[in-house]
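Below, read A as the first sequence line, B as the second, and so on, with proteins coming before strands; counting in each chain starts at 1.
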Amino acid sequence: MMAKNLENIIARGHYLIINKNETYLIHQISNKAILKLGRDVIDLKAAIGQPFSSTYKLEPMPEKKRHYSLVICNDNQVRNQWSTNGCGTDNKLITDDSSSQLLSTDEIIALKESGESGQNIVERLLENSKTFQLKTEYAQEKYLKKKARKYCDYLTIFKPSIRLITDVLYKQQTLPKTIALRFDTLAQILCRVNLDPGGKYLLYENGSQGLLQAALLNQLHDNGCLVHIFSSTSEQNALRAVKAMNFSETKIKQMLTVSLDEILNTKNEDNIPAEKDEEDVPNCSDEKKRKSDEAYTQIKKKHRPITSTDGLNFIKSNKFDGLIVVCREEPTEFVKTLLPYLSLSRPFVIYSAYREVLVTIYAEFKMRRDVVFLRLTDNFMRYHQVLPNRTHPDVTMDDGGGFLFSGLFVAGTK
Amino acid sequence: MSFNRYKDIIEEGDTVILYINPQAMYAIQAQSVIENRKGEKIENVMQTKYGALKISSLFGKQFGSKVSLSNGWAHVLYPTPELWTQTLPHRTQIIYTPDISLIMFMLELKPGSIVVESGTGSGSLTHAMAFRVKPTGHIYTYDFHEQRADQAQKEFKSHGLSENVTSQCRDVCQNGFSDDVIGKADAVFLDLPHPHLVVPFAIKALKPSGGGRICTFSPCIEQVMRTCQTLLDHGFVQLKTVECLEKEYQVLNRTVTTFTTASRPPPPASGPQNITEEPGNEKKFLACIPSASPRGHTGYLTTATFLMENRPQPEEVEIEDACEK
């Protein structure tokens, strides 16, 4: 019980999800416990030892500009409440002539630097606004929200979860360098692969900053196991999401890593019929062709796949409960190589940002007798603004969820 | 008994999915003998559109193997929650896999999670959640319809899910959740006509340490509006309402006639048939065809996070609970 409670307490070295207004970010709390957020410097010391999911008020430090310390403030009922004194019905009396605020910019800055509380600053702004009372109640709400964000800030520290990390990484996408996996797509991958917490899973991932590994590890119980096959062209910060989850060492050990090259090599050693090898050659990516032996050993050294032989043996001596492929490459040949390692009646799921890639593999798999329930899908996903009398779908929509191809591996004709 | 963990060999009593094609999948109970209408014990033989299947012939076979029907063949599959959702007997409108995946993701379910669900319905989501939180997690599921709750209870037992699922008949809008979940839940899922009435009870069920998640599924936007207002009033944060529809594509070989011949003078007597048969005038390609009438709406999912509240309330909670008894 104690250990469980400790997991919920913020300690130095932990990764946190920091939420200020609409921004979320992954942050590792260091010894100094300083967070730089835009031009602001925030001292997080007050949060150490506190439980996750707490909210803090940003208190300006009087001696330093744009430096803040945290004061815990969990009663969210009292936050940002200002009395408004009636409202207008429309905006016909409001003109944009920059004269509605009686306080000058200098006066406002002076107020802010005087160490006055944000609550009071906003009150002063309201008192000195000529037009505030004329605004409609919706416009007042919007105005207050904007001012609160500027002068009266709160920050909430959440325990990192796959949901939050997925959103943070999705917003920081740099296509085509990384895979921008949207939360609904990731959710569907986990469902399509029918994740069994005690199962053994094969994953090839390249480009999602470790999001897939983190999500799968998170879903595995102590007896579950994940083999992560990585490419020698892996991106920087490949384990970002895994680190952010604050996994225990035993948890991390449930994941074995194997280099892709090793897998493709074994295939040759195993004397798989020659025709299959030939098939592979024209499909090899240019990059693989270019790779000389020398370069290959260098890459091997660089990644030091310590557990790779274990992982390789593990793959060879086991049957898996699911295969997940999330990559930027053309996956057909690779998937064909790995399918036989699945137990019968087990699912595979392939993600690609490009439908065309999956259409090709679908057409090829349709001819196979050992896969059924083939599905190619994408999502229509949109958020809704839900406000009194103003409920409608968001005006912009995100159509970048990518595509999924999935199926079940079964006994072929024999 | 086959729902609680993967198994390889089919035994008597297992549920098996008979897969003929994506449009023809059936959940079958692997029982060699069943009773007919007269109450006599007879050999269990299933009739499919490709002929008969003697159920006892499945015993000892591997999940995933191919079986012969008198006029064709099929595969026998392990009943994953996804396949179960496709084949389960409907007692109510059910939640399908695209929404299920989002619900489980947004509720942050993982092994060990304690989940409160209402209503149980046909148990489509319950099966998926039970598989996701096992072996240490638990789903407490409530339905106000007595017969449905009973049926669900029996089904969970026969599927070997009793360790991870507790099903109860209870009107949670009126009475809230049972005492055994107070302060224990990591997540609450509501799929009932008035979710906003249950929000205060959901707060009691959620762990007081904060960070717990709530998700409501409502087909109508009016319900969503009431729910969102109630959630905001009770201090929930990270409110989001989303709808998600899965679009499925078929991949087929298609041929189109090209216009190269249009410029040529048409052959005098032979008519238009000849033109299309000329190989040079055709282009073959792989077509990616969206389904003709996809689902246009299922429901809105509203999710939110419960923050730690330091308002002193526990005493009040206890009094109210006592009243319920």
Exercise for review: Could you walk me through whether A:N194 and B:Y78 pass the side chain to side chain donor-acceptor pair (under 3.5 Å) test, one step at a time?
Suggested key: CA-CA 11 Å; A:N194 186 40; B:Y78 174 81; 5.9 Å; no
So which part of [X] gets closer than 4.5 Å to some heavy atom of chain B, the side chain, the backbone, both or neither?
X	answer
A:Y24	side chain
A:L408	side chain
A:P393	neither
A:F403	side chain

Please tell me if the side chains of [X] and [Y] come closer than 4.5 Å, counting only heavy atoms from C-beta onward.
X	Y	answer
B:K134	A:D196	yes
B:I100	A:C191	yes
B:E243	A:Y383	no

Point to revise | Lys/Arg cation over aromatic B:F105: A:R163, 6.0 Å, 45° cone | key: no
Point to revise | Side chain, backbone, both or neither of B:I17 within contact of chain A (heavy atoms, under 4.5 Å) | key: neither
**Study point:** Contacting moiety of B:D8, where chain A heavy atoms sit under 4.5 Å
**Key:** side chain
As an exercise, state the distance from [atom1] of [X] to [atom2] of [Y], rounded to the nearest 0.5 Å.
X	Y	atom1	atom2	answer
A:D370	B:H75	CG	NE2	8.5 Å
B:C244	A:Q188	SG	CD	6.0 Å
A:L344	B:K61	CG	NZ	13.0 Å
B:L109	A:L195	CG	CG	12.0 Å
B:Q250	A:L376	CD	CG	10.5 Å

Practice item. Before accepting this row, confirm whether a basic side-chain N of the pair A:R192/B:E246 lies closer than 4.0 Å to the acidic partner's carboxylate O. Key: yes
Would you mind telling me which of [options] has the largest number of heavy-atom pairs within less than 4.5 Å of chain A?
options	value
B:E82, B:E108, B:M106	B:E108
B:C288, B:S291, B:C228, B:P22	B:C288
B:L245, B:T302, B:V76, B:L239	B:L245
B:M104, B:Q62, B:K110	B:K110

Exercise for review: Please answer whether the main-chain N or O of B:L77 pairs with a side-chain N or O of A:S345 as donor and acceptor at a distance below 3.5 Å.
Suggested key: no
